[in-house]
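Reading through the structure tokens given below for one structure.
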Amino acid sequence: MKKAVLVCILFAALQAFGAVQRFPTPDFESAYRLPQTQTPPPRGDLYEYIDTAVLVAALGLASWLALGLRSRRGIFALMLFCLAYFGFWRKGCVCPIGAIQNVTESLIRPDYAVPLTVAVFFVLPLVFALLYGRVFCAAVCPLGAIQDAVVLRPARVPRAVAEALSLLPHVVLGLAILLVLNGGGYLICRLDPFVAFFRLGGAAVMLISGGVVLLIGTVVARPYCRFFCPYGVLLGWASLVSRRHLTITPDDCVNCRLCEDACPFGAILPANEGNPAADRGVGRRAARHALTLPLVIAVFVLAGGAAGRALSPANRSVRLDRQIAAEDFGAAEPADESRAFRAGGTPREELREEVRRVQFGFVRGGRLLGAYLGLVIGLKLIRLAGSRRRDEYEPDRARCLSCGRCFEYCPREHLKRRGGTAIPVRQHENST
Amino acid sequence: MKRVIPALILFLVLAMAYVLWLKRGTGGSGNNGRPPDAYVYDIEKYRATPNADLLFDELAGFEVALKEPRGIAAGPDKGLFVVGDAELVRLDGEGREAERIALKGAANCVTSDGAGKVYAGLADHIAVWSPGTTNVVHWGSLGENALLTSISADAGNVFAADFGNRVIWRCDTQGRLLGAIGGKDAASGSSGFILPSPYFDLAIRDDRLWVVNPGRTRVEEYTFEGRMLSHWGRSSMRPEGFCGCCNPSHIALFPDGRFVTSEKGLPRVKVYDAKGVFVGLVAGPDMFAEDAVGLDLAVDSRGRILVLDPARRMVRVFAAKG
Amino acid sequence: MDAKPNDAAPDRRDFLRTCARWAALAFIGWAGGRQLLRRRARVSGSWCRADCADCASADGCGLGAAPRLPRVSRLDAVWQLDPAKCIQCGRCATNCVLAQSAVKCFHTHAMCGYCKLCFGYFQPDAAELSSAGENQLCPTGAIRRKFIEDPYYEYTIDNDLCIGCGKCVKGCNTFGNGSLYLQVRHDLCLNCNECSIARNCPADAFTRLPADRPYMLKGS
Amino acid sequence: MNKSDRILMVKCRAAQTLAAVSGAFLLTVLFLLTATFIRARKAEPLDSSLLAESRLSAVEAGSGDRLREEYRDIDLLARRAHFGSLAVYRSGAVLALCAGIVFVLAFKYQAALRVPRPQPGRYAGVGAMGDPLAFTRRMVAGFALVLLAAAGLAVVSMTPTRQVGPVAGKGDAPGQAARGTAAEDSWPGFRGPDGLGIAHDADPPVEWDGIDGKNIRWKSGVPLPGFSSAVVCRGRIFLTGGDARVREVYCYRSDNGELLWRQAAAGIPGSPAEPPEVAADTGYAAATPATDGERIYAIFATGDLVALDLEGNRVWAKNLGVPDNPYGHASSLLADAGKLYVQFDDHTGGRMLALNTATGDTIWEQKRETLPSWASPVLVRGGGGTQVVISGNPHVVAYDADGGTERWKIECLGGEVAPSPAWSDGLLFAGAEYSSLAAIAPGDPARIVWESNDNLPEVSSPVAWRGLLFVATSYGTVTCSDTKSGEIRWKKEFDEGFYSSPMVAADKVYLMDRKGVTHVFRAADVFEEIAVSPLGEKADATPAFAGERIYLRGTKNLYCVTKQ
């Protein structure tokens with residue numbers, strides 16, 4: 001038997017030295033025992049379950065606090081807890097934002113199965129959003145929490161700017177999926193500004209950009225959530241059709257307009273009864289935009305295709321191919337990548353083939369992405385054709401993060417709580 | 001409202017930063033800002049061998065039609081023998097395949113005594129083939145653990161290096177076991193063969209047995225009875241020494257007593273004189289594949305060095321310059 | 001709750017919302033369920049939950065391999081590097097998000113030659129075979145060398161000092177048996193969603209493994 | 001001001017002070033961290049050159065030497081520094097976090113105490129004129145444009161063509177680098193960019209017929225004979241022709257074939273009164289001219305070298321000496337990056353020159369120990385610079401394009417060397433009849449990867465493309481072999497021999513035999529003929545490719561082939 005082993009050894013050895021192989025240990029005279037290689041198990045095997053449990057609990061609690069109890073303080077407290085747990089304790093991974101990529105990958109790569117935890121983290125917030133709006137953003141998401149904590153002197157972003165910037169998340173979402181589909185890595189994780197904080201350390205560039213986002217966050221409330229977060233797009237859609245949603249007033253809106261500047265996220269839609277502008281020419285404008293829609297889409301499809309090809313170096317095979325080409329040609333110094341490839345013995349032609357496939361994938365993906373963006377922009381223009389008639393102040397379901405800051409502003413709230421005065425008094429706070 | 005404008009500018013700046021960063025990300029070597037080659041162990045510099053240092057010219061080698069050629073030996077008449085994939089192949093002086101003899105099992109080493117009789121070392125036993133015949137005599141097994149990695153024979157003796165048991169078997173030409181050499185033995189001054197990896201080579205010349213003791217990076221001289229007479233060789237990355245922990249991997253002897261050695265790690269073939277003094281390089285590392293191993297050696301009757309290059313599945317021929 | 005008596009066309013909007021909501025919920029349920037049910041694929045009698053990459057019977061599984069394989073696995077996936085692919089470029093030491101890399105040198109003693117002159121331990125031009133700083137290859141002196149008996153020495157890795165640069169691994173692979181090799185230590189690894197070492201690994205040696213067999217040990 | 005107000009005030013003050021203090025603390029910590037970080041990054045303690053150097057000196061020094069002691073101390077310090085900085089990061093981060101928490105809480109608390117009463121703005125509805133959302137829509141549209149711009153930026157900044165040559169991802173595409181900004185319709189010299197026989201983004205027709213005019217856009221007579229091939233630049237085609245009396249450069253319009261101008265190479269100081277004897281199948285105008293987009297350069301069997309601008313005005317001219325050459329000078333010119341490369345091998349011993357394209361002054365010159373040879377120089381880019389490679393008898397030599405220093409040379413040829421080398425994927429292929437065909441790995445020393453002794457080219461130069469080498473012989477054999485191993489993939493016998501060189505365009509090989517019949521087959525490892533297109537007259541020149549067009553020179557006429 002042992003000989004068989006030895007034979008294999010020799011052959012293995014002769015074939016590829018360095019390949020996995022066993023050698024007979026020296027015949028020690030002293031009583032020497034071989035130390036065992038220690039292999040510590042992955043941390044937090046148990047955490048999978050804890051995390052899920054905490055997530056469910058937090059989401060449930062958040063929904064109740066926002067829609068039932070209507071307590072901003074409660075939400076804030078829960079938010080701090082989640083920041084501590086999901087953020088600093090669990091180091092910001094797993095997060096549903098990144099999970100978008102895992103789910104996408106599991107759909108296209110047969111050899112990748114998305115871990116159950118990740119799947120749950122991806123789905124649950126969406127389900128809750130379908131039922132109660134973006135309560136996840138309000139109190140559970142650590143990225144949201146760390147920003148919300150530093151909202152010190154929020155200023156209102158002009159609607160025009162906000163609307164424009166709110167296209168960005170769609171771009172990020174599209175790009176992230178495009179890259180994952182074509183083996184370009186996890187864009188969202190790379191652009192996660194806070195994970196370095198949660199880990200209390202990391203690449204300088206991450207820390208710096210994170211710091212900048214937080215700085216901006218002191219005056220522009222939750223910039224990442226509003227103008228970058230790709231998961232927010234999905235939550236927004238879900239929240240649009242949510243079964244119930246947080247309301248500004250506990251019962252009836254009296255149009256006192258006290259809540260107008262309550263929301264640092266500009267998510268409050270004012271009542272516009274008797275507003276002449278509300279209806280005038282809306283139909284016409286909408287129709288005009290609807291007509292230009294195909295054109296917009298077409299343009300973006302073209303641009304997307306080109307940009308897609310340009311992005312293909314995100315895929316390592318493409319980079320490798322270029323590197324090797326450059327070297328064969330003498331235009332570049334040999335790099336580890338190419339040496340490894342040559343050593344691996346995969347035929348060059350195979351790589352070329354792969355690259356062609358990838359680039360095609362990028363172009364096609366880019367076109368789709370373009371189409372999507374064109375559609376988003378077109379629809380937004382149509383929606384901006386005019387404001388539909390609103391009789392009372394209500395949250396913009398897609399934007400509202402259910403943070404509950406507006407409760408305190410509503411005189412009805414105070415009446416309801418303790419039939420007191422309808423004017424907000426001093427000890428009300430607007431930023432915790 | 002006023003405070004917003006600078007904030008927005010900042011925001012856009014940030015966006016830019018993201019884009020650049022993304023490009024850097026796609027660009028690959030994100031090294032957390034460190035020098036890209038921090039902590040790189042560069043052995044490339046030992047691989048380069050200037051042509052001028054080579055004492056030998058490489059002639060056109062010839063390919064061997066074997067999947068895994070393992071051992072090579074020079075025959076008496078210009079011809080040579082190569083074993084591998086359970087086959088023994090005889091090549092003529094021009095490297096054309098002359099004969100192909102099937103063996104029972106994969107052979108690792110081969111030798112030819114003066115008379116032209118050919119001995120091949122299979123995993124645990126020796127097979128003998130006499131020219132002109134097609135039948136191969138398989139001797140008895142040398143034991144469960146035996147794994148022959150080298151063999152050498154003269155008129156009366158056959159020596160086989162057994163990596164599995166870390167000994168050298170001595171048989172007569174009929175296959176009768178005459179004895180074993182090796183194992184720690186203060187009396188003979190031998191401290192055993194130290195074989196970290198399965199390369200264990202030997203060669204005989206006028207009643208002296210030369211054995212590679214790779215663990216000690218040296219070549220040892222024994223009498224046929226197994227008494228160690230002398231040894232030479234030391235470890236060094238420089239050409240005059242044997243590189244790495246356990247080299248040389250193979251040796252061969254010139255008729256005039258000079259040695260040819262081959263190494264792994266830095267695959268290189270070198271010549272030492274009869275006293276073990278470094279003479280010069282035959283082939284440098286950059287002439288072989290990076291992970292070339294098992295470069296079995298032979299010296300043919302024309303004094304040319306034959307190197308078996310398993311990676312390229314060919315016999316490479318080197319002749320002295322000038 | 002949404003419906004207000006004085007709303008413009010509450011019923012229509014409400015109706016649409018409800019439809020959309022149920023459609024979405026249904027989709028999530030359907031997709032999720034489908035993915036989960038994929039796990040019911042039987043491979044040689046047992047529930048298949050391996051990922052195709054290292055599933056021995058990947059092509060043999062009579063279920064048409066890829067499409068029927070699990071898309072959701074109960075097990076978490078962890079990062080690991082394949083020693084056979086590793087080329088010891090030294091990036092593991094510098095690319096980990098941790099200040100001190102989670103990649104460390106492992107030593108399979110069963111493969112070790114216990115060489116007196118270990119090229120994983122000594123500089124190629126070491127002046128003498130002593131543990132003096134100028135002779136050691138390891139930048140942090142993380143390898144301990146212990147005499148056992150002539151001429152055998154034991155080499156062990158001090159994990160607190162090892163920074164996973166792989167210099168010793170390269171030395172051992174090139175000249176020795178390759179009993180030293182790099183692995184991700186999972187008690188340190190944060191298991192990022194995208195491992196930043198994997199992203200920059202020139203040999204593409206990193207893979208995701210199911211958490212119940214998180215190592216690729218040599219000689220086993 | 002009542003009691004509660006005062007208490008409030010106090011609380012507020014306290015909170016503000018706390019916020020200020022913690023904020024200051026936070027900033028200090030961050031500053032210190034950054035400082036440590038920068039220091040550590042500037043010199044990775046364990047990777048500092050100081051360490052390496054002192055180690056070397058320590059190793060050299062004898063045992064027990066002071067240097068060794070020193071090194072050990074430094075080494076220890078470095079390790080301390082490394083792990084020290086790690087510790088600093090850890091503790092610093094925790095401190096910063098704590099400070100941050102305190103700061104945020106305190107700030108929020110004091111902010112909470114000083115809530116401004118809600119100030120409802122002007123009623124949005126009443127009197128809002130026109131369309132309140134118009135501006136918003138413009139912003140959105142503007143952002144959409146920004147997105148498009150970003151896409152454009154990505155394209156521009158990331159598209160291969162902006163990078164050096166093959167980095168473009170086109171595996172073997174020397175021309176990329178060569179042509180740089182060159183327009184679609186440019187064919188700078190013999191066998192195209194760098195003289196390697198590959199027409200990169202050409203998409204020419206495969207079928208034409210010079211007799212019934214199929215796919216022939218125009219056909220135009222060439223006044224004087226010559227074996228030189230056409231070169232193309234800015235909508236003009238240049239040719240040379242000549243006989244014992246006069247040697248001329250011709251310029252044709254690419255759209256209709258009109259002969260724009262002809263310019264004789266006459267009145268050049270040093271030019272021989274009596275032209276040298278030349279063989280009929282070489283003639284006086286065998287060398288193909290070269291162009292760099294500004295000027296056209298032509299050399300003749302008399303040793304006359306002229307540079308004309310695109311309008312035909314002579315810029316400079318010189319005589320390099322009358323070649324003592326049994327057949328007549330035939331090596332074509334090569335222009336690149338302000339230099340004009342001239343091979344000038346004859347019995348008096350060879351020379352390799354690089355001339356300043358603007359003035360004709362010699363930039364560098366190298367003696368060549370060689371017998372007469374007729375191969376043309378090719379450019380091989382990289383290896384830390386551009387190299388000019390020439391096949392000669394007996395050496396293949398590479399010169400540094402800038403300095404002219406000999407990069408490497410290798411002896412592998414013999415006899416009468418006329419074919420120019422081919423290049424692909426880091427291998428150079430040089431061959432000549434009656435000697436051998438060798439695949440050479442450049443470098444010092446250069447190394448022969450494989451050699452073959454049959455199916456050798458005599459006049460026609462081989463071409464290599466995507467791992468395949470195509471060789472056409474003067475007796476009509478065409479072989480396709482693997483560039484890496486040299487093993488023959490396919491071999492085909494044609495009835496006619498080949499002097500013209502095979503050209504690769506759009507993954508097809510265009511090869512014209514001596515009767516002027518072009519064989520178009522796939523550049524693949526199996527022979528697959530696509531078309532056989534006759535020119536209608538004998539031809540030995542090599543076709544020039546430009547975009548969708550091919551310019552073919554017959555013995556009498558110049559043809560423009562294009563899709564119709």
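Below, chains carry the letters A, B, ... as their sequence lines are ordered, and counting in each starts from 1.
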Worksheet item: With sequence neighbours excluded, what pairs up with Glu349(A) under the salt bridge (Lys or Arg N to Asp or Glu O under 4.0 Å) test?
Response: Arg352(A), Arg356(A)

Discussion item. Applying salt bridge (Lys or Arg N to Asp or Glu O under 4.0 Å), can you list everything that pairs with Arg522(D), at least two apart in sequence or on another chain?
Written reply: Glu528(D)

Can you measure from [atom1] ([X]) to [atom2] ([Y]) and round to the nearest 0.5 angstrom?
| X | Y | atom1 | atom2 | value |
| --- | --- | --- | --- | --- |
| Glu163(A) | Phe135(D) | CD | CZ | 12.0 Å |
| Leu95(D) | Leu200(A) | CG | CG | 11.0 Å |
| Leu207(A) | Leu33(D) | CG | CG | 9.0 Å |
| Leu167(A) | Phe143(D) | CG | CZ | 5.5 Å |
| Leu384(A) | Arg138(D) | CG | CZ | 12.5 Å |

Discussion item. For a quick test of reading the model, state the closest non-hydrogen atom pair linking Lys108(D) to Asp148(A) and the distance between them.
Written reply: NZ-O, 3.6 Å

Item to complete: Write down the atom of Val155(D), the atom of Ala307(A), and the distance for their closest heavy-atom approach.
Response: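 What the structure gives for the nearest pair is CG2-N, 3.7 Å.
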
Fill in: Contact class of Phe197(A) relative to chain D, heavy atoms under 4.5 angstrom
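It is neither, since no heavy atom gets under 4.5 Å.
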
Worksheet item: What part of Leu427(D) gets closer than 4.5 Å to chain A, counting heavy atoms only: side chain, backbone, both or neither?
Response: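 Neither part, no heavy atoms under 4.5 Å.
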
